[in-house]
Participant: 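One structure follows; several queries about it will come next.
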Protein chains: 2
Amino acid sequence: MAKPIPTIKEIARKLNVSASTVSRALHDHPRIGLKTKERVKKLAGELGYEPNSQAIFFKQQKTFVIGVILPSIREEFFSQAISGIEAVTTQSDYTILFAQSYDDYKREVIVAETMKRQRVDGLIISLSKETTKLQHLEAFKEMNIPVVYFDRVPAGDACHKVSCNMKTGTVEMIHWLFSEGLKRIAIINGPKALFASKERLAGYMEGMQQHKLKVDMQLVEETDFSEDSTYKAVSNLLSLKKLPQAIISFNDYVHMDAVKAALKKKVKVNRDLLFVSYSNLNITGYTSYPPAASIEQYPYEQGKMAAEILFQLLNNKQNTDQSYIRQQLIPKLVLH
Amino acid sequence: MAKPIPTIKEIARKLNVSASTVSRALHDHPRIGLKTKERVKKLAGELGYEPNSQAIFFKQQKTFVIGVILPSIREEFFSQAISGIEAVTTQSDYTILFAQSYDDYKREVIVAETMKRQRVDGLIISLSKETTKLQHLEAFKEMNIPVVYFDRVPAGDACHKVSCNMKTGTVEMIHWLFSEGLKRIAIINGPKALFASKERLAGYMEGMQQHKLKVDMQLVEETDFSEDSTYKAVSNLLSLKKLPQAIISFNDYVHMDAVKAALKKKVKVNRDLLFVSYSNLNITGYTSYPPAASIEQYPYEQGKMAAEILFQLLNNKQNTDQSYIRQQLIPKLVLH
DNA sequence: TTGTAAGCGTTATCAA
DNA sequence: TTGATAACGCTTACAA
């Protein structure tokens with residue numbers, strides 16, 4: 001059954017020509033005999049010859065593979081993002097080596113190692129929520145493998161990254177809430193380590209101050225994204241003497257858990273207490289209590305842009321220009 | 001800036017030993033001098049040596065990469081499945097080359113080609129809903145690359161596959177509906193070409209007959225999974241003279257669209273008309289009208305089993321045993 | 001205990 | 001127009 005894959009050598013042997021001739025014939029090299037070319041192509045077709053990319057890549061020191069590491073593909077945000085990445089890579093005949101960190105720093109290090117060993121030509125990553133150190137990724141740079149971060153990006157300037165300016169988005173959100181007459185605005189933020197959390201907080205502060213609203217730190221809660229943690233955050237907010245009039249959740253998943261918690265506590269969701277969120281995912285459309293407003297973060301576009309930046313870097317490898325590319329998308333407030 | 005990745009040769013040169021010694025030292029070959037071993041390892045560490053897997057794989061004629069082709073990772077079903085696959089591959093130091101067919105046959109062919117060129121060691125695939133011909137996948141067999149299908153599997157016997165026995169599941173569902181006193185049971189099935197659709201229909205027929213219920217083909221609708229198509233199916237059912245008492249949707253996404261449609265038509269969902277479904281996805285828990293019952297299809301387990309079968313095949317490559325492995329999971333009816 | 005050399009499949013360079 | 005050869009990085013039989 002094992003009809004082995006023919007190699008150039010075999011074709012050469014059967015045709016009594018040299019391997020290089022076969023190679024050239026298959027590549028339509030200009031100065032190769034027409035007859036030879038045809039003979040070679042014919043036999044190659046019959047034998048079902050397939051060039052061995054492993055060998056080619058090995059020789060070229062390229063793999064035509066880019067690594068993609070995401071916290072969790074189950075989140076619609078990331079599944080959309082990877083589709084954006086895929087849209088770009090397909091065009092360039094690149095493929096995607098995929099792995100999840102499951103928001104676990106150790107796993108992120110391990111899968112990064114694996115991808116490094118696999119010699120991916122480039123890496124696109126959205127950091128795990130636990131990640132603070134970046135040695136495992138700095139290592140790529142040393143090997144001259146470009147790394148592009150997106151969405152969950154490091155704070156510093158010394159990296160290529162794509163993200164949504166959540167500060168701006170949050171300011172806009174508060175602006176809208178204020179215009180609706182709401183002044184006691186709470187936020188359930190993500191883990192402090194996340195850059196995205198810092199941005200949200202900064203936007204929260206700035207937005208409140210712009211409208212001369214007092215910032216009450218009791219209104220600032222935090223979740224590690226587990227349902228329990230979000231439940232606790234909601235509990236805390238609902239046990240305050242002065243109840244909040246609106247809750248901004250870190251994203252739509254937190255939002256859904258927050259609503260669940262609020263309903264248990266008999267809150268009249270979006271009547272007594274307005275829930276708003278980030279991400280603007282499709283699934284909220286099917287839920288009982290979608291957020292009254294959500295900030296669209298364009299995951300597909302973020303993925304696409306990250307991939308585009310990566311290819312830009314790959315094509316300028318020898319380029320001495322060592323500046324970093326940083327793109328910020330302007331999020332859009334979507335009312336529901 | 002380009003500190004190039006050191007190779008075995010360089011280490012050998014700097015240490016005035018041969019490349020083979022370095023290779024053996026790094027692999028803890030038993031009969032290599034302790035001192036040499038240490039010297040080599042030390043320098044390798046200092047230089048940040050990383051074995052070039054490309055070269056190793058090239059030599060071993062293996063890639064330690066398996067291809068995974070899914071219709072759409074945005075569906076929770078498939079994102080759970082790939083996590084199951086990943087759980088297995090990680091243990092064996094394999095990585096996943098990932099691509100989506102977007103339920104487009106042509107795309108499926110293209111990405112399959114790409115993976116073949118990349119010489120994946122094996123392939124796991126869930127077919128696009130358009131796929132009827134399998135040449136693009138037969139080609140893998142000829143190259144001795146094992147292929148394992150899961151969930152959306154071909155009908156024939158001549159392949160390795162994992163799926164949930166949806167016939168059994170559907171019979172069980174009808175059994176339960178009957179026990180709830182419902183007799184006019186409609187089904188919104190998927191495209192006829194899908195094996196999964198055939199199984200559901202077979203189960204529907206059998207279930208109805210078991211309970212001596214008349215099978216009325218007007219109660220059997222079909223959707224191509226688009227919201228419009230599902231809307232039309234629901235419309236048709238609701239315009240029947242004798243209205244159905246229950247609707248079985250192909251999966252939870254169809255279910256959600258079906259409910260949306262029914263609500264537009266002023267149906268009292270799950271009161272006048274009971275909605276049940278397949279998949280038992282988490283997201284339905286957040287929706288206003290989760291299915292009254294859903295058939296758990298164990299996507300994570302299916303992915304895991306498919307990967308396990310694949311590794312079994314990879315480890316028995318020379319094995320002459322050419323029988324096909326076919327696994328069926330028994331789905332579970334989950335009441336909500 | 002270590003070194004030498006061949007080989008994996010392909011392509012590029014040089015020579016014929 | 002075609003052929004011979006070397007090279008990519010690594011492993012491994014065989015030789016020393």
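Order of the sequence lines sets the chain letters (A, B, ...), proteins ahead of strands, with each chain counted from 1.
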Participant: Check the phosphate of dT11(C) against Ser23(A), side-chain N and O only, distance under 4.0 Å to OP1 or OP2. Yes or no?
Facilitator: yes

Participant: To the nearest angstrom, how far is Ile32(B) atom CD1 from dT12(D) atom P?
Facilitator: 13 Å

Participant: Glu50(A) CD to dT10(C) P: how many Å, rounded?
Facilitator: 11 Å

Participant: Between His29(B) and Gln61(B), which is nearer to the 5' end of DNA chain C once each is assigned its nearest nucleotide?
Facilitator: His29(B)

Participant: Would you call the rings of Phe150(B) and Phe77(B) parallel, tilted or perpendicular, taking 30° and 60° as the class edges?
Facilitator: parallel

Participant: Looking at Tyr49(B), does any N or O in its side chain come under 4.0 Å of the phosphate oxygens OP1/OP2 on dG9(D)?
Facilitator: no

Participant: Whole angstroms only, please: what is the CD-P distance between Gln54(A) and dT11(D)?
Facilitator: 15 Å

Participant: Would you say the ring centroid of Phe57(B) lies under 6.0 angstrom from that of Phe58(A)?
Facilitator: no

Participant: To the side chain of Ile56(B), which of dG9(C), dT11(D), dG9(D) is closest?
Facilitator: dT11(D)

Participant: Is there a donor and acceptor pair closer than 3.5 Å between the side chain of Ser20(A) and the base of dA4(D)?
Facilitator: yes

Participant: When the ring planes of His160(A) and Tyr324(A) are compared, do they come out parallel, tilted or perpendicular, using 30° and 60° as the limits?
Facilitator: tilted

Participant: Would you say Thr36(A) reaches dT2(D)'s phosphate, i.e. side-chain N/O to OP1/OP2 under 4.0 Å?
Facilitator: yes

Participant: Would you kindly compare Ala55(B) and Arg31(A) by the position of their nearest DNA chain C nucleotide and give the one closer to the 5′ end?
Facilitator: Ala55(B)

Participant: Could you state the atom-to-atom distance from CD of Gln60(B) to P of dC10(D) in whole Å?
Facilitator: 12 Å

Participant: Can you tell me if the side-chain N/O atoms of Ser18(B) get under 4.0 Å from OP1 or OP2 in dT4(C)?
Facilitator: no

Participant: When the distance from CG of Leu15(A) to P of dG3(D) is rounded to whole Å, what number comes out?
Facilitator: 10 Å

Participant: Establish whether the base of dG3(C) is bridged to the side chain of Arg24(B) by a donor-acceptor pair shorter than 3.5 Å.
Facilitator: yes

Participant: Rounded to whole Å, how long is the line connecting atom CZ of Phe58(B) with atom C1' of dG7(C)?
Facilitator: 9 Å

Participant: The side chain of Ile8(A) lies closest to which of these nucleotides: dG9(D), dT2(C), dT10(C)?
Facilitator: dT10(C)

Participant: Looking at Tyr300(B), does the NZ or CZ of Lys304(B) lie under 6.0 angstrom from its six-membered ring centre and within 45 degrees of the ring axis?
Facilitator: no

Participant: When the distance from CZ of Phe57(A) to P of dT11(C) is rounded to whole Å, what number comes out?
Facilitator: 11 Å

Participant: Nearest whole angstrom, please: distance from the P of dT11(C) to the NZ of Lys9(A).
Facilitator: 13 Å

Participant: So which nucleotide from dC8(C), dC10(D), dT11(C) ends up closest to the side chain of Lys59(A)?
Facilitator: dT11(C)

Participant: Describe, in one word, how the ring planes of Phe98(B) and Phe98(A) are oriented to each other, choosing from parallel (under 30°), tilted (30 to 60°) and perpendicular (over 60°).
Facilitator: tilted

Participant: Would one find a side-chain N or O of Thr7(A) under 4.0 angstrom from OP1 or OP2 of dG9(C)?
Facilitator: no

